[in-house]
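Just below is one structure, and these are the notes that go with it.
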Amino acid sequence: MISEIQERIDARGLVCPMPTLRLGQAIRRVAVGEVVELCSDDPGAENNMAAWERNTGHELLWHGIEGGVHTFHFRRLH
Amino acid sequence: MSETSKPRRIALVASKGSLDMAYPPLILATTAASMGWEAGIFFTFYGLDIIHKERQKTLAVSPVGNPAMPPPVPGVPLRVPNLLGMLPGMTAVATVMMKGWMERANMAPLGELLQIARDLNVRLFACNTTLAVMGVKPEDLMDGVEFAGSPAFLDYAAEANVQLFI
């Protein structure tokens with residue numbers, strides 16, 4: 001887990017595709033090099049975010065699960 | 001995705017204008033665009049209603065001929081028989097039910113998904129043959145829509161990694 005997070009998205013209670021869309025909107029708002037945090041309790045979150053990382057080229061810095069809630073930290077790379 | 005490679009592309013055909021069939025193309029296109037793909041939807045035949053300024057507000061779902069429609073009363077395993085589903089008002093009831101499920105699941109309403117699609121530069125192609133066949137005027141459609149026929153769409157789809165007819 002890292003501390004310098006520019007934007008946090010609380011997507012708990014949202015189903016696909018909303019967490020992905022909210023993350024996509026947030027990553028466009030921060031500058032290259034900055035970090036967005038996404039919290040999601042979507043059971044597909046882990047697979048979805050792995051696909052998102054592969055497809056967007058942004059960097060997944062950290063992923064944790066607590067009480068069924070996934071937290072992801074993505075750094076905008078381009 | 002490497003920085004130098006061409007972005008992936010998805011080309012979708014939205015051919016149906018019922019509420020349940022309006023969601024899949026918009027979900028896939030917005031997700032793809034959110035992942036950095038190029039995304040385009042070709043709205044044809046009844047699918048044109050999805051981008052029709054007025055008709056998009058009244059998209060509906062019918063229980064008739066839909067054996068997957070869940071029972072209207074939770075906990076009572078009685079589905080709506082086709083014969084009853086044909087009664088006046090049943091389509092409205094089914095539509096309200098479906099909008100209720102969407103709301104409970106925090107799914108964005110159709111209008112919001114369309115706005116997100118526009119924000120993400122999803123290309124919305126209106127089939128101009130359908131406009132002629134259905135008597136729809138270009139000004140009846142949402143802003144930001146492009147007009148295209150099958151040659152233009154095929155050309156777009158030929159360069160796509162994923163092509164789906166919905």
Side-chain angles (χ1 to χ4, degrees), chain A residues 5-61 63 67-78, chain B residues 1-12 14 19-41 50 70 98-124 160-162 164 166:
Chain A
I5 291 164
Q6 273 66 41
E7 186 155 342
R8 293 173 201 274
I9 306 293
D10 183 359
R12 286 174 297 174
L14 300 184
V15 292
C16 177
M18 300 318 294
T20 309
L21 298 184
R22 297 286 178 241
L23 174 62
Q25 289 169 327
I27 209 92
R28 283 170 176 77
R29 281 194 294 263
V30 303
V32 172
E34 291 185 337
V35 177
V36 172
E37 178 184 272
L38 173 78
C39 290
S40 170
D41 53 6
D42 181 339
E46 197 165 354
N47 283 333
N48 289 342
M49 287 307 114
W52 198 81
E53 184 193 23
R54 257 198 313 280
N55 279 270
T56 59
H58 300 302
E59 183 187 8
L60 177 59
L61 298 173
H63 168 224
V69 177
H70 296 261
T71 304
F72 303 88
H73 292 166
F74 278 103
R75 187 191 299 283
R76 179 172 178 177
L77 288 191
H78 55 85
Chain B
M1 187 187 78
S2 79
E3 287 304 297
T4 51
S5 67
K6 231 171 87 172
R8 288 178 167 173
R9 179 184 284 187
I10 184 167
L12 297 158
L19 183 63
D20 51 332
M21 297 308 277
Y23 275 92
L26 288 171
I27 288 174
L28 289 171
T30 51
T31 303
S34 167
M35 297 201 302
W37 294 26
E38 296 174 349
I41 311 173
I50 300 168
M98 173 161 280
K99 286 184 174 169
W101 307 329
M102 295 292 188
E103 209 178 308
R104 271 202 303 282
N106 289 316
M107 172 63 81
L110 218 50
E112 189 184 337
L113 269 185
L114 278 162
Q115 186 54 51
I116 293 172
R118 290 193 55 194
D119 293 345
L120 292 171
N121 298 319
V122 172
R123 294 181 71 180
L124 307 174
N161 305 85
V162 177
L164 295 172
I166 297 173

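Basis for what follows: all heavy atoms, side chains included, without hydrogens, waters or symmetry-related copies. Throughout, protein chains are lettered first and strands after them, A, B, ... in sequence-line order, and every chain is numbered starting at 1. None of these values were measured; they are calculated from a predicted model.
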**Request:** Mind running side-chain contact (heavy atoms from CB on, under 4.5 Å) on I116(B) and M18(A) for me, showing each step along the way?
**Result:** CA-CA 10 Å; I116(B) 293 172; M18(A) 300 318 294; 4.2 Å; yes
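- Neither the backbone nor the side chain of L28(B) has a heavy atom closer than 4.5 Å to any heavy atom of chain A.
- No side-chain donor-acceptor contact under 3.5 Å links T56(A) to the backbone of G36(B).
- Rounding to the nearest 0.5 angstrom, the gap separating the CG atom in N55(A) from the CZ atom in R8(B) is 5.0 Å.
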**Message:** Before you tell me yes or no, could you show the steps for L21(A) and E112(B) under side-chain contact (heavy atoms from CB on, under 4.5 Å), namely the whole-Å CA-CA distance, both residues' side-chain angles and the distance that decides it to 0.1 Å?
**Reply:** CA-CA 11 Å; L21(A) 298 184; E112(B) 189 184 337; over 6 Å; no
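- In this structure, the separation between CZ on R28(A) and CG on L120(B) is 5.0 Å, given to the nearest 0.5 Å.
- For the pair R104(B)/V15(A), no side-chain contact is recorded, criterion being any heavy-atom separation below 4.5 Å from C-beta on.
- Within 6.0 Å of atom CZ in R29(A), more than 12 heavy atoms from other residues, nucleotides or ligands are found, so the atom counts as buried in its surroundings.
- Listed here is the closest heavy atom pair of T31(B) and P17(A): OG1-CB, 3.2 Å.
- Neither the backbone nor the side chain of A32(B) comes within contact range of chain A; no heavy atoms are under 4.5 Å apart.
- In terms of heavy-atom proximity, S34(B) sits nearest to G24(A) at OG-CA, 3.7 Å.
- A donor-acceptor pair under 3.5 Å links the side-chain atoms of N106(B) to the main chain of G13(A), judged by distance alone.
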